[in-house]
Colleague: 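Take this structure, written in structure tokens, and hold onto it; I'll ask about it next.
Order of appearance sets the numbers: ligands from 1, and atoms from 1 within every ligand.
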Amino acid sequence: MQLIYEKSVPGRRAVRTVASDVDTEGRIKSSLLRDTPAELPELSELDVVRHFTRLSQRNFGLDSAFYPLGSCTMKYNPKFTERVAHYPGFAYLHPLLPQLPGGEMLVQGALAVLYQMDRLLSEICGMAAFTMQPLAGSHGELTGVMLMAAYHRDKGNHKTTILIPDSAHGTNPASAAIAGYKVQTIPSKDGIMDVEALHAALNDEVAGIMLTSPNTLGLFNPQIKELTDLIHSVDGLAYYDGANLNAVVGKCRPGDMGFDIVHVNLHKTFATPHGSGGPGAGPVGVVEKLRDYLPTSVVHEGPDGSLSLDYDRPKSIGYVAPFYGNFGIVLRAYAYILRLGKEGLIRVSENAVLNANYIMRKLQPYYHLPYDRVCKHECVFSAERQARKGVNAMMIAKALLDRGFHAPTVYFPLIVPEAMMIEPTETESKETLDDFIDAMIEIAELAESDPEALKGSPKTTVVSHLDEVRAARQPDLAFLTDTE
Ligand SMILES: *Cc1c(COP(=O)(O)O)cnc(C)c1O
């Protein structure tokens with residue numbers, strides 16, 4: 001496929017602007033002007049439409065097929081939320097408007113969205129207040145660890161270490177390390193963190209713990225309150241990685257489990273688009289004793305009910321992102337929460353858990369299930385049995401691509417060898433789950449009867465079987481060797 005620059009024809013245009021009748025000569029400082037014209041591809045509107053439509057067709061997206069990528073909660077993004085985000089009153093706002101004299105009165109609707117999302121997420125998670133600023137879950141984690149640091153600094157605590165279970169998502173230790181903490185890994189017992197192991201690691205240097213429950217094995221920790229109580233006994237703080245909230249939303253709340261800080265991935269639980277690395281949103285909630293450290297600004301409600309932005313917050317950790325976060329994403333999640341309501345959110349988690357258990361029990365006869373108990377929103381198999389026949393988890397993932405499904409997460413969590421982590425979400429129909437189960441069974445049977453047939457997949461995708469080492473060392477990001 002040609003690059004858009006290669007399709008350029010000098011003089012071809014999609015839009016022709018009328019010549020300006022304003023004399024601009026000398027009005028723009030020469031330091032701000034280019035010496036040479038910008039190199040832009042010259043194309044007709046139809047050329048551009050076809051180019052990007054073809055690119056989109058080469059992509060594998062949720063709108064095309066099932067995407068059971070464990071821990072990522074790839075649920076359907078309902079289109080009514082797009083319509084709300086495109087209302088001109090929201091879409092055409094300028095982010096500096098509230099900072100102009102009187103400007104806040106022109107953005108009361110936008111401020112109300114931020115304020116009400118703070119109230120809704122606080123209620124859903126059992127927290128006192130939320131910031132909408134962080135731009136992703138991992139960014140929320142970093143914000144959360146910075147809040148921990150601000151709390152300990154303010155109290156004069158000397159703390160050096162953050163405890164993290166061995167099943168954690170890689171972003172947890174990364175966030176703790178970037179914020180300047182030492183990371184100590186706590187081993188799991190029967191797939192979950194146990195009280196004894198935490199006891200052994202606990203001392204006055206512990207700033208806090210980062211946990212998710214259910215964890216990345218999809219298992220809920222029944223001792224969770226004991227664990228958070230232990231952390232509080234050394235004035236540590238408990239951080240809830242809310243990426244797995246889809247398993248419990250509406251059913252139980254991190255605040256009631258004893259957590260002090262939580263991030264929520266709006267692009268997971270609240271159905272906003274993931275969009276290849278952004279824009280996402282990772283709002284962070286805190287309990288009352290951490291409220292003053294939240295990033296600037298926060299939306300404040302005056303006695304007359306009018307909303308304004310409060311920048312006078314001396315203990316705040318400051319800005320973690322420009323302006324107010326990914327406002328358009330917060331708005332979509334707001335529309336989603338209001339549309340579903342309390343009853344709807346409870347059904348989200350119930351059906352997400354039901355779908356995961358359905359897949360787990362249907363595939364259990366064919367794949368090794370290392371932790372055989374009721375799972376939450378995702379189930380984790382091991383391809384050990386198939387690997388002994390020469391078919392590892394990576395090959396199963398690629399064989400699924402040929403059968404029209406996105407692969408599950410593989411080789412994570414790290415504590416399961418040949419891991420395959422399947423998260424169906426609540427938005428898939430039983431027919432889709434059954435088709436996926438049939439494909440997984442067919443692959444398991446081929447691994448027994450004819451493992452050779454699974455080699456060389458994928459064959460039907462736009463880019464077929466890749467040399468994994470070369471793809472990592474010499475990535476061909478622009479499809480330059482693709483001759484089509
Ligand atoms: C997705 C995920 C994260 C990181 O969230 P991003 O929005 O991708 O940065 C953290 N922890 C867990 C368990 C996750 O699944």
Colleague: Should the ring pair Phe405 and Phe66 be called parallel, tilted or perpendicular, given that the plane angle runs from 0 to 90° and is split at 30 and 60?
Modeller: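 Because their plane-to-plane angle is over 60°, the rings of Phe405 and Phe66 count as perpendicular.
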
Colleague: Contacts table for ligand 1: protein N or O within a distance under 3.5 Å of ligand N or O, distances only.
Modeller:
residue, atom, partner, partner atom, Å
ligand 1, 5 (O), Asn265, ND2, 3.0
ligand 1, 7 (O), Gly137, N, 2.7
ligand 1, 7 (O), Asn265, ND2, 3.1
ligand 1, 7 (O), His267, NE2, 2.7
ligand 1, 9 (O), Gly137, N, 3.4
ligand 1, 9 (O), Ser138, N, 2.8
ligand 1, 9 (O), Ser138, OG, 2.7
ligand 1, 11 (N), Asp241, OD1, 3.3
ligand 1, 11 (N), Asp241, OD2, 2.6
ligand 1, 15 (O), Ser71, O, 2.8
ligand 1, 15 (O), Ser71, OG, 2.5
ligand 1, 15 (O), Lys268, NZ, 2.8

Colleague: For Thr185 and Asp166, what are the C-alpha separation, side-chain angles and deciding distance, and is it a side-chain hydrogen bond (donor to acceptor under 3.5 Å, both in side chains)?
Modeller: CA-CA 6 Å; Thr185 306; Asp166 56 2; over 6 Å; no

Colleague: Could you check whether Glu123 pairs with Lys342 (Lys NZ or Arg NE/NH1/NH2 to Asp/Glu carboxylate O, under 4.0 Å)?
Modeller: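 Looking at Glu123 and Lys342, the cut-off is not met.
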
Colleague: Tell me, please, which residues at least two apart from Ala352 pass side chain to side chain contact (heavy atoms under 4.5 Å, CB included).
Modeller: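 For Ala352 the side chain to side chain contact (heavy atoms under 4.5 Å, CB included) partners, ignoring immediate neighbours, are Asn246, Glu426.
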
Colleague: Do the charged groups of Asp292 and Arg313 touch, with an N to O distance under 4.0 Å?
Modeller: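 Judged by the 4.0 Å cut-off on N to carboxylate O distance, Asp292 and Arg313 do not form a salt bridge.
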
Colleague: So does Arg291 pair up with Glu288, basic N to acidic O under 4.0 Å?
Modeller: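 Looking at Glu288 together with Arg291, the answer is yes, because their closest N to O distance falls below 4.0 Å.
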
